[in-house]
Amino acid sequence: MKCSWREGNQITLLENGDEYYPAVFAALDAAEQKIILETFIWFEDGVGRQLHEAVLRAAQRGVKVEVLLDGYGSPDLSDAFVNELTAAGVVFRYYDPRPPLLGMRTNVFRRMHRKIVVVDGTVAFVGGINYSDEHMSDYGPEAKQDYAVKVEGPVVQDILLFELENLPGQSAVRRWWKRRHRPEENRQPGEAQALFIWRDNDEHRDDIERHYLKMLANAKHEVIIANAYFFPGYRLLHAMRNAARRGVRVKLIVQGEPDMPIVTVGARLLYDYLVKGGVQIYEYRRRPLHGKVALMDDHWATVGSSNLDPLSLSLNLEANLIIHDRTFNQTLRDNLTGIIASDCVRVDDSMVPKRTWWNLSKSVVVFHFLRHFPALVGWLPAHTPKLAQVPAPVQPEMETQDRVEAENSGVKP
């Protein structure tokens, strides 16, 4: 399928689970026909149980529900938790589920990393927020800072069509030849416009990255990128530095309190190159940053699931929404400039590793290893992902007397 820029959308920025979960649960409770929900993480905690209850309520009143979870991100849901949903008619699938090998999970690469909800083809949610308590601000110091959007309007049909073509049993006929997809340009920029984009391992391998590159090339005044796992390739690094050198204020927000130490190690390898090129880097220190958002000038913005790292740019299944809307752009800008002012530390020369032959050699080796290792591993046949549907539990047989009474009354058991 090919998505195009759609006009006349209503797009709302949702910050953290505090705003996201109530909006999603309300949409699920209002569903009348069909719900499609896919996410990387669904934990069996407080938030996860609330989602379970909302999905179960919808299924029990006759709404068709399809769920797709990642086998690596959501490996620990109990049979009872899942079976209650499948017994109510929920189609429940895992992306690349694999049993541990010698106590280790082998499905670490090529994850289904999208976070999408589509309800009745009229409202959709796209972003980076999973379903777990750690996305709530009252979770504590480890609560994640993250974003999503609620969208209503014509672009929802594109998101729905994408889902229908990518769920088993509803796939459209695919071409036998492969071609490189070209990012869709907005030839008539306006307001309330949106474009749904994704990354897969087929025709859309670098769509999200190419939209970032196009944005940086077109920027005239300001770019703000907030990305939790920042370790892109050469093209994007060059584009950021080139934009800064021609006078664009390029601001990059990365994790300063990372949920994984390797995140900071990787990002800091790039500080010297970017800071010397004029890019302003800010480490978010309040709590772990999990957002994947960006904006350019006064009209372009994106919110989605894609990090700017080797996994998201080379292997994972990702999805973003690109938005042309001045009001939305300003809302996101106000949020990001607010956290820069209150919760970030700007990277200066004292935080940049000294330029020595040892540091340079180490950076080059580590950069190339971190950049290319996931892609190399992804070529292995063992990491070819599959979908597995969870079967509905076998219903208990009715007692003989109950069956006789049911048959006599004309009711099918």
Side-chain angles (χ1 to χ4, degrees), residues 145 206 208-296 306-314 336-337 339-376:
Q145 177 69 20
D206 60 355
I208 295 176
E209 183 178 15
R210 292 173 73 186
H211 275 281
Y212 268 91
L213 293 170
K214 189 71 174 178
M215 175 271 289
L216 287 163
N218 291 338
K220 293 180 173 60
H221 306 294
E222 182 179 48
V223 169
I224 304 178
I225 298 173
N227 207 266
Y229 304 100
F230 182 81
F231 201 76
Y234 310 111
R235 292 190 303 172
L236 205 147
L237 292 172
H238 293 335
M240 292 176 65
R241 197 159 115 152
N242 289 341
R245 283 181 164 177
R246 67 174 187 268
V248 179
R249 295 187 305 277
V250 181
K251 301 178 182 179
L252 172 65
I253 306 173
V254 295
Q255 293 199 55
E257 295 291 334
D259 50 1
M260 295 183 293
I262 189 64
V263 174
T264 301
V265 174
R268 288 180 176 173
L269 289 175
L270 310 176
Y271 283 2
D272 181 71
Y273 178 82
L274 293 174
V275 171
K276 291 297 195 313
V279 176
Q280 301 175 29
I281 302 179
Y282 298 88
E283 289 188 346
Y284 179 71
R285 297 288 182 88
R286 184 176 182 182
R287 55 192 184 207
L289 174 67
H290 196 258
K292 307 97 168 50
V293 301
L295 63 85
M296 180 264 284
S306 181
N307 293 297
L308 298 176
D309 71 345
L311 284 176
S312 283
L313 297 178
S314 301
L336 296 180
T337 55
I339 68 173
I340 285 175
S342 61
D343 300 313
C344 291
V345 172
R346 182 172 176 177
V347 174
D348 57 24
D349 289 339
S350 67
M351 301 170 64
V352 175
K354 294 182 179 180
R355 293 180 65 87
T356 65
W357 283 109
W358 167 246
N359 283 338
L360 178 62
S361 301
K362 180 176 63 175
S363 296
V364 169
V365 172
V366 174
F367 177 86
H368 282 278
F369 175 78
L370 293 178
R371 179 66 194 154
H372 296 293
F373 177 71
L376 293 173

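The first residue in the sequence is number 1, and the count goes up from there. Here the structure is a predicted model, which means the values were calculated and not measured.
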Exercise. Say you draw a straight line from CG of Leu313 to CG of Asp309; how long is it, rounded to the nearest 0.5 Å?
Worked result: 6.5 Å
Seminar exercise, completed: Looking only at heavy atoms, the pair that brings Lys292 and Asn307 closest together is NZ-OD1, 2.8 Å
For this session: Evaluate the ring planes of Tyr273 and His238, with Trp represented by its six-membered ring, and classify them as parallel (under 30°), tilted (30 to 60°) or perpendicular (over 60°).
Result: tilted
Problem set entry | side-chain contact (heavy atoms from CB on, under 4.5 Å) assessment of Val248 paired with Arg246 | CA-CA 6 Å; Val248 179; Arg246 67 174 187 268; 4.1 Å; yes
For this session: Report the residues that fulfil side-chain hydrogen bond (donor to acceptor under 3.5 Å, both in side chains) with Asn227, sequence neighbours left out, ordered by chain and then residue number.
Result: none
Seminar exercise, completed: Interatomic distance, CZ@Arg235 vs CG@Asn242, rounded to 0.5 Å, equals 13.5 Å
Seminar exercise, completed: In this structure, CZ of Phe231 is separated from CG of Leu270 (nearest 0.5 Å) by 5.0 Å
For this session: Flag the pair Tyr282 / Val254 as yes when at least one side-chain heavy-atom distance between them is below 4.5 Å, and no otherwise.
Result: no
For this session: Dump the intermediate steps for side-chain contact (heavy atoms from CB on, under 4.5 Å) on Arg286 and Ile339, then the final yes or no.
Result: CA-CA 9 Å; Arg286 184 176 182 182; Ile339 68 173; over 6 Å; no
Exercise. Any sub-3.5 Å donor-acceptor pair from Ser312's side-chain atoms to Ser306's backbone N or O?
Worked result: no
Seminar exercise, completed: The side-chain hydrogen bond (donor to acceptor under 3.5 Å, both in side chains) partners of Arg241 (sequence neighbours excluded) come to none
Exercise. Out of curiosity, Arg287 CZ to Gln145 CD, how far, rounded to the nearest 0.5 Å?
Worked result: 5.0 Å
Exercise. Hey, what do you get for CD (Gln280) to CD1 (Ile340), rounding to the nearest 0.5 Å?
Worked result: 8.0 Å
For this session: State whether the side chain of Gln255 and the backbone N or O of Ala228 hold a donor-acceptor pair below 3.5 Å, judged by distance alone.
Result: yes
For this session: Kindly compute the distance separating OH (Tyr284) from CG (Asp343), expressed to the nearest 0.5 Å.
Result: 4.5 Å
Exercise. So which heavy atom on Met240 is nearest to which on Val250, and how close?
Worked result: O-CG2, 3.9 Å
Problem set entry | Partner set under salt bridge (Lys or Arg N to Asp or Glu O under 4.0 Å) for Arg245, not counting sequence neighbours | none
Below 3.5 Å, can you tabulate the donor-acceptor pairs from side chains in residues 216-225 to any protein atom, sequence neighbours excluded?
{"residue": "Asn218", "atom": "ND2", "partner": "Lys214", "partner atom": "O", "Å": "3.3"}
{"residue": "Glu222", "atom": "OE1", "partner": "Arg333", "partner atom": "NE", "Å": "2.9"}
{"residue": "Glu222", "atom": "OE1", "partner": "Arg333", "partner atom": "NH2", "Å": "3.2"}
{"residue": "Glu222", "atom": "OE2", "partner": "Lys251", "partner atom": "NZ", "Å": "3.3"}

For this session: Apply salt bridge (Lys or Arg N to Asp or Glu O under 4.0 Å) to Arg346 and list each qualifying residue two or more places apart in sequence or on a separate chain.
Result: none
